[in-house]
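Numbering of residues begins at 1 and proceeds along the displayed sequence. Keep in mind the model is a prediction, meaning the values are calculated, not measured. When a ligand or atom number is given, it counts from 1 through the structure's own listing order.
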Amino acid sequence: MSQSKLITMDEFTIQETRKFPQATGDLSALLRDLGLAGKIINKQVRKAGLVDILGKHGATNVQGEEQMKLDVFANETLINILKNCSECAGIASEENDNHVSYEDTFSCNAKYVVLFDPLDGSSNIDVNASIGTIFSIYRRVSPLGTTCTEEDFLQPGNKLVAAGYIIYGSSTMMVYATKLGVNGFTLEPSIGEFCLSHPNMQCKENGKIYSINQGNSVKYEDSMLAYLRYCMEESKEDGRPYTQRYIGSMVADMHRTLIKGGIFMYPGDKSAPKGKLRLQYECNPMAFILEAAGGKAVNNHERILDIVPTELHQRVPIFIGSKNMVEKAMEFVGA
Ligand code: P6P
């Protein structure tokens, strides 16, 4: 694509804003700020092997997971950039026990709050596999002019205004969804801008890839084992042989699912009935994106986006991806 035909993410979001005369441009500005954070994090990720930022930071996060130094850098970058913009009243992060309310006047009058997993898949950092930043944007429910409250961060996914991710892969991409659809932007390093590369992304109704950590199967319920047997054996008799792919980084597995079709699963099991992935900054944003692209996202019996959160870091089982594949899985494991 020649330089003259490049559409930057900023140009694109402003064009989208113009479709709504009453829009203020605040959401466009917030997406731009998240893109800036992504570019700053990307710079550090790209040199992780060279700079002493690998290895354990020593601290552990609310999940009890040892924090890699890049996790801490990504978290602090997002918190600072969103604090200094004028569209965000506060944040909640996988790396913080509680939400952070910004206290300055500008932030108290901002209408959005942002939840994020600053560096998802961080266990893959030292093996150079793709990792990513996942974010959710809600309109606050607390009054403008006050500091935001926990209630702002415990809204169901069906109240999301926008959600997206930045994937630090073979290229760096920012993908986000609004009610207008899903669009992907690839970082063009020579100009330092995310440029439109995947307009109007759609998730195929059918696919052949099932993505799950089968190492956990010893702990699965019988219904889940029956579905795995379908994926490994019976799907071939159906003439639609499935193949298995699992990167172990949700952003990477979900980006592949969005582009190629397929189903990604992190089910509950006998030792962890709620599964591993967090509702507010992993499952809900990915569910919002996949539904906007024509896909489906459920736990064992309800739409992920309809789950009413009760705590900030709660986990939910998830089956997400191509609509027909998710519905097939529910024939086996749906309650
Ligand atoms: P497991 C990464 O730690 C993560 O939160 C997700 O990105 C990923 O999908 C999942 O955990 C991998 O978990 O148990 O298969 O290593």
Worksheet entry | 4.0 Å heavy-atom contact, N124 with ligand 1 | no

Discussion item. Tell me whether K328 forms a cation-pi arrangement with Y210, defined as NZ or CZ under 6.0 Å from the six-membered ring centre and within 45 degrees of its axis.
Written reply: no

Item to complete: Measure the distances from the heavy atoms of D120 to every atom of ligand 1 and state whether one is below 4.0 angstrom.
Response: yes

Worksheet item: Counting only heavy atoms not in K83, do more than 12 sit closer than 6.0 Å to its NZ atom?
Response: no

Worksheet item: Is the closest basic N to carboxylate O distance between R229 and E233 below 4.0 Å?
Response: no

Worksheet item: Can an N or O of S123 be found at a distance shorter than 3.5 Å from an N or O of ligand 1?
Response: no

Item to complete: Please find out if less than 6.0 Å separates the ring center of F153 from that of Y138.
Response: no

Response to the item:
Note: ligand 1 atoms sitting under 4.0 Å from heavy atoms of N213 are 1 (P), 14 (O), 15 (O)

Discussion item. Could you work out, for atom 14 (O) of ligand 1, the closest of Y266, F264, Y246 by heavy-atom distance?
Written reply: Y266

Worksheet item: Would you call the rings of F332 and Y227 parallel, tilted or perpendicular if under 30° counts as parallel and over 60° as perpendicular?
Response: tilted

Worksheet item: Using the ring of each side chain (for Trp, its six-membered ring), is Y176 parallel, tilted or perpendicular to F185, with breaks at 30° and 60°?
Response: parallel

Worksheet entry | For G248, atoms of ligand 1 separated by under 4.0 Å from a heavy atom | 2 (C), 8 (C), 12 (C)

Practice prompt. Would you mind telling me if ligand 1 is within reach of the side chain of L277, the backbone, both or neither, using heavy atoms under 4.0 Å?
Written response: side chain

Worksheet, complete the sentence: Note: heavy atom closest to atom 5 (O) of ligand 1, options E282, E94, M250, belongs to E282

